[in-house]
Student: 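The following block contains the structure, expressed as C-alpha cells.
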Number of protein chains: 2
Amino acid sequence: MHKYEKIRLELTRRINSQAWPVGASIPHEDELAAEFGVARGTIRQALSSLVDAGYLEKKRRAGTRVAYPKDHASTLRISLVREQVEQGGHTYGYRLLKDSIEDGIRRVLCLHLRDDAPYQLEDREISLSGIPSAAAADFSQISPNEWLLQQQPYSRVQTTLQASAPNRNDRKHLELPRDEPVFLVLRETFLEEVWLTRVRLSHPASSYSVQMERAFD
Amino acid sequence: MHKYEKIRLELTRRINSQAWPVGASIPHEDELAAEFGVARGTIRQALSSLVDAGYLEKKRRAGTRVAYPKDHASTLRISLVREQVEQGGHTYGYRLLKDSIEDGIRRVLCLHLRDDAPYQLEDREISLSGIPSAAAADFSQISPNEWLLQQQPYSRVQTTLQASAPNRNDRKHLELPRDEPVFLVLRETFLEEVWLTRVRLSHPASSYSVQMERAFD
DNA sequence: AAGTGGTCTAGACCACTAG
DNA sequence: TAGTGGTCTAGACCACTTT
C-alpha cells in the first residue's frame, strides 16, 4: 500500500469517527505533510480523491473543510448493451426493425434481446453530414450502438434519464406487461458543436435499473 | 490559462481531429514533456483529466492510447430536493404525512412540493441504532432528507434509478395523471457497514428527469 | 494584506506488465 | 527483462479570497 493510500485511510477514519466533524476545518496541507512526514504533493494526492468523492471541500485561503454530504457525486457508466446483457450471464440477441434515410439523417429502429426477451428498443438518428460513413454502414448484424463506437470520438455527450408511458413502438416491440412503463435513456452526442447522433433507448421498467455506488473505507 | 490546460486543449484537438485516431498509442509522457517544454508532472496533470473522462486509457509498460468511447463516465449529482426546486426558480413546499417508530426504525412519509404541486414523495426509514439522535428529531418543518445532511457522514451510499408503476402511496399523494408512471430513486447509506437509512423517492414521470453531461472542448 | 490551496519543476526510484 | 506509467521529494512561485 502506498503512502498516499495509508494517509487517505487515516483521513477517512478521522472523518467517519467524527474526530473531524462535518463542517470543520482540517489542518493545512503543510501541517499534514509535517504530521505524516511526507512531501506536500503526497498529501495533495491523498486529499484529491476525497475531494472528488465529495468528502472534503477546498477553498483558497479558507482551507479545507469536511463537506456536508449533500452534493456527493456518483459516477455512472452506461456501457454497451451487449456487454450489459452478457455480463449478467445472459444471452444477447439483436434484431433490425427499420432502417431509412431522410433529409440527411439515417434513422434506425432495432431491438436488443436478453435471453430472447426484449430488453432495449433503440431508436437512433445519425447525422450523415457529421458521420458520412454511416450512410453505407450495414446495421443488419451490428447495431448502430456498437458500430458508432468504432467511429470517431465525440467531444460532448448529453444524457437524460426518464420514466415514461410506452409510445407506439415500445408497445409494439417490447412485449410490455399491462400497465408497465418504460425506462428511457436519451442521449445526444456532438463533436465540436457539430451534431452527430441522437438516440432514444427504452426498456421495460421491470427489467431495467441503473445502479451507482460511492464507497470509501 | 495554465500550462496543463493549454496542453489538454491541444491533446483534445488531436483526438477530436483524429490526428490521434481511436485505438492509437500516443507519445510517452517523457516525449510529450519534451515536446511541450514542461516537466513530466505537468503532462501527467493534463493527461489525468482526459483519462478520468474516458478519452484516454493508460497501461503500464504499454503506454497511453486513445480510448474507444464505449465506457465513458458521466458524473451524476443528486442534490437536496429543496435546492433542485428552488434552482429552477420555483417555490418549494413541504408536508409531513406520517411518522412512526417501530422495531428501532423511524419511518417517515412526507411530500415535497414544487409550486404547490406534488414533486417528490419521500418514504424514509432511519435506523435509530445507527443514528440515535433521529429518535427526537422534529420532522414537521424540516424533512428527513434535509435533517440527515446535518448529521454524521456516511461511508457508503448505494443508489438505484428505476421506472415503475405507482404504488398506493404514490397514487394517493402524487396526484398522478392517468397512466402516468413514477421515476424512482432508491438510496441506502451505511457508515462502516452499519446501516443508517433507506429511502424511496418517487416522482411523477412527466415532471422529473435526471440529466448528465460530459464535455471536453 | 496575508495565508491558503494551485501550479510547476527537475529530479529519483518503484512496480507492473507486454513482448 | 526492459520500458512504461506510478509514486514521491523538496523545493519555488502564483493566484485567489477571506479577513
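Reminder, nothing fancy here: chain letters follow the sequence lines and each chain counts from 1. Hydrogens, waters and symmetry mates are skipped; everything else that's a heavy atom, side chains included, is used.
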Student: Taking the side chain of A/Arg60 as heavy atoms from C-beta outward, which of C/dG5, C/dT9, D/dG5 is closest to it?
Tutor: C/dG5
Student: For the backbone of B/Pro69 and the side chain of A/Tyr154, can you confirm whether one donor and one acceptor N or O come within less than 3.5 Å of each other?
Tutor: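 Yes.
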Student: Is there a donor and acceptor pair closer than 3.5 Å between the side chain of A/Arg40 and the base of C/dG6?
Tutor: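 Such a pair is found, so the answer is yes.
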Student: Take the angle between the ring planes of B/Trp147 and B/Phe139 and call it parallel below 30°, perpendicular above 60°, tilted in between.
Tutor: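 Ring orientation, 0 to 90° scale: perpendicular.
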Student: Which base, if any, makes a Watson-Crick or G-U wobble pair with C/dA2, both distances under 3.5 Å?
Tutor: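 Answer to the pairing question: D/dT17, which forms a Watson-Crick or G-U pair with C/dA2.
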Student: What is the distance, rounded to the nearest whole Å, between atom CG of B/Leu50 and atom P of D/dG5?
Tutor: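 Distance check: B/Leu50 CG to D/dG5 P gives 14 Å.
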Student: Quick one: A/Lys3 NZ to D/dG6 C1', roughly how many Å, whole number?
Tutor: 14 Å
Student: Does B/Lys59 place a side-chain N or O at less than 4.0 Å from the phosphate oxygens OP1/OP2 of D/dG6?
Tutor: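 For B/Lys59, the contact criterion (side-chain N or O under 4.0 Å from OP1 or OP2 of D/dG6) is not met.
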Student: Would you say the side chain of A/Arg61 and the base of D/dA15 hold a donor-acceptor pair, judged only by whether the two atoms sit under 3.5 Å apart?
Tutor: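 No.
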Student: For the pair made of NE2 in B/His2 and P in D/dC13, what is the distance, rounded to whole Å?
Tutor: 16 Å
Student: Answer yes or no: does a side-chain N or O of B/Thr64 lie under 4.0 Å from OP1 or OP2 of D/dG5?
Tutor: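 Yes, within the criterion.
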Student: Tell me the closest heavy-atom pair linking A/Pro204 and A/Pro118, and the distance in Å.
Tutor: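 Between these two residues, the closest heavy atoms are CG-O, 3.9 Å.
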Student: Think A/Tyr4 has a side-chain N or O under 4.0 angstrom from the OP1 or OP2 of D/dC8?
Tutor: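 False: A/Tyr4 side-chain N/O out of range (4.0 Å or more) of D/dC8 OP1/OP2.
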Student: Round to the nearest Å and state the distance from B/Leu56 atom CG to D/dG5 atom P.
Tutor: 11 Å
Student: Here's a test of your reading of the structure: between A/Ala62 and A/Gly41, which maps to the more 5' nucleotide of DNA chain D?
Tutor: A/Gly41
Student: Using atom types as modelled and distance alone, determine if a side-chain donor or acceptor of B/Arg14 lies under 3.5 Å from a backbone N or O of B/Ala19.
Tutor: no
Student: Name the orientation class of the two ring planes belonging to B/His203 and B/Tyr119 (parallel below 30°, tilted from 30 to 60°, perpendicular beyond 60°).
Tutor: perpendicular
Student: Counting side-chain heavy atoms from CB outward, which of C/dC8, D/dC8, C/dG5 is closest to B/Gln45?
Tutor: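 Nucleotide nearest to B/Gln45's side chain: C/dC8.
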Student: Starting from C1' on D/dG6, measure out to CD on A/Glu5 and report it in whole angstrom.
Tutor: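 Result: 11 Å.
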Student: Treating A/Asp123 as the side-chain partner and A/Leu109 as the backbone partner, does any N or O pair qualify as donor plus acceptor under 3.5 Å?
Tutor: no
Student: Identify which nucleotide among C/dC8, D/dT9, C/dG5 has an atom closest to any side-chain atom of A/Arg44, counting heavy atoms from C-beta outward.
Tutor: C/dG5
Student: Round to the nearest Å and state the distance from A/Ile43 atom CD1 to C/dG6 atom P.
Tutor: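 After rounding, the reported distance stands at 14 Å.
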Student: Let's see if you can work this out: which of D/dG5, D/dC8, C/dT9 has an atom nearest to the side-chain heavy atoms of B/Lys58?
Tutor: D/dG5
Student: Heavy-atom contacts under 4.0 Å between residues 22-34 of chain A and DNA chain C, which residues?
Tutor: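 Of all residues in residues 22-34 of chain A, the ones placing a heavy atom under 4.0 Å from DNA chain C are A/His28, A/Glu29.
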Student: Would you check if there is a donor-acceptor pair between the side chains of B/Glu146 and B/Tyr94 at a distance under 3.5 Å?
Tutor: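 No, because no side-chain N or O of B/Tyr94 sits under 3.5 Å from a partner of the opposite role on B/Glu146.
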Student: Is B/Glu125 salt-bridged to B/Arg198, going by a charged N under 4.0 Å from an acidic O?
Tutor: yes
Student: Check the distance between C/dG6's P and A/Leu47's CG and give it to me in whole angstrom.
Tutor: 9 Å
